[in-house]
Each structure stands twice: as structure tokens, then as C-alpha cells.
Amino acid sequence: MIHVVSAINLNQGVRAAYQACLERFLPRIRAEEGCISYEPCIDIEVGLAIQEYDVDRVVIIEEWQSIEALREHFAAPHMDEYREAVKDLVKRVDMRVLKGY
């Protein structure tokens, strides 16, 4: 199993618009062969000194059956549509692809 953590750093003040756009694509993404889970998350402020809180960030926590499934996800036509739809909302994407040890 492959784990992916993607921090989507948004332009200021567009999180609601980004979330609405992403919601349109979630059913297709979650239906992809090899997708175990795909969960968008937002920061919540809990007052821990170590916490980095950012209202303009969405973190997507994903699990895929294999690297091949992840590669197919990135090549899926609906992902091209997604990237086009959010290009004016997203400032930067920081992604980690991980496996358990």
C-alpha cells in the first residue's frame, strides 16, 4: 500500500471555492481502480505550540494499492480537468509519497 499526503497551498481566501471544485471530482477519484481512500482535510486550531495552522491549506490524505495505481490516477482524464479547474486557486502543492516500513 502507498500513502500520499498532499498539502494544497491555496491563494488567500479561496478555500471555499477550492473545496466546492474538489467535491465535484471526488466521486470519480474514489472510484478509480486502486484507490483505497482519498480524504481532503482542513486545519483546525487546537492551541498546540507545535501546530502550524493555515486557513489557506487543504491536505489530502490518500491510500493507493500500488505505485502503478497512483500513476494511473495522475494520468486519468478527470485529473487533467481537475488541474485546469483549480489552477487559479492553487499557489503550490507539496506532496509526500510514502510506504510503511
Exercise. Does Arg30 come within less than 4.0 Å of Glu39, counting only side-chain N to carboxylate O?
Worked result: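 Salt bridge: yes.
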For this session: Indicate yes or no: does Asp43 engage Arg57 in a salt bridge with an N to O separation below 4.0 Å.
Result: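 A salt bridge is present here (some side-chain N lies under 4.0 Å from a carboxylate O).
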For this session: Check the surroundings of atom CG in Leu48: do more than 12 heavy atoms from other residues, nucleotides or ligands lie under 6.0 Å from it?
Result: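 Check passes, neighbour count above 12.
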Report yes if some heavy atom in the side chain of [X] is under 4.5 Å from a heavy atom in the side chain of [Y]; otherwise report no.
X	Y	answer
Ile2	Glu63	no
Tyr38	His73	yes
Leu22	Gln19	no
Ile42	Arg15	yes
Val4	Ile60	no

How long is the gap from [atom1] on [X] to [atom2] on [Y], to the nearest 0.5 Å?
X	Y	atom1	atom2	result
Leu26	Tyr82	CG	OH	9.5 Å
Arg83	His78	CZ	NE2	9.0 Å
Leu70	Cys35	CG	SG	10.0 Å
Leu89	Tyr18	CG	OH	9.0 Å
Asn11	Lys91	CG	NZ	6.5 Å
Met95	Glu62	CE	CD	7.5 Å

Same cluster or not: [X] versus [Y], using hydrophobic residues (I, L, V, M, F, W, Y) connected whenever any side-chain heavy atoms lie under 4.5 Å apart?
X	Y	value
Val86	Val93	yes
Trp64	Ile36	no
Val59	Ile44	no
Val90	Val5	no

Exercise. Does Asp56 use its side chain to pair, donor to acceptor, with the backbone of Gly13 at less than 3.5 Å?
Worked result: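 Yes, because the side chain of Asp56 sits within donor-acceptor range (under 3.5 Å) of the backbone of Gly13.
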Problem set entry | Asn9 side chain to Asp94 side chain, donor-acceptor N/O pair below 3.5 angstrom |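 Indeed, the side chains of Asn9 and Asp94 share at least one donor-acceptor pair under 3.5 Å.
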Exercise. Salt bridge (charged side-chain N to carboxylate O under 4.0 Å, His left out) between Glu81 and Arg28: does it pass, once the steps are laid out?
Worked result: CA-CA 11 Å; Glu81 294 174 37; Arg28 287 185 275 175; 3.4 Å; yes
Nearest atoms (heavy-atom pairs only) where [X] meets [Y]:
X	Y	value
Pro40	Val58	CB-CG1, 4.3 Å
Gly34	Ala69	CA-CB, 3.8 Å
Phe74	Met79	O-CB, 4.1 Å

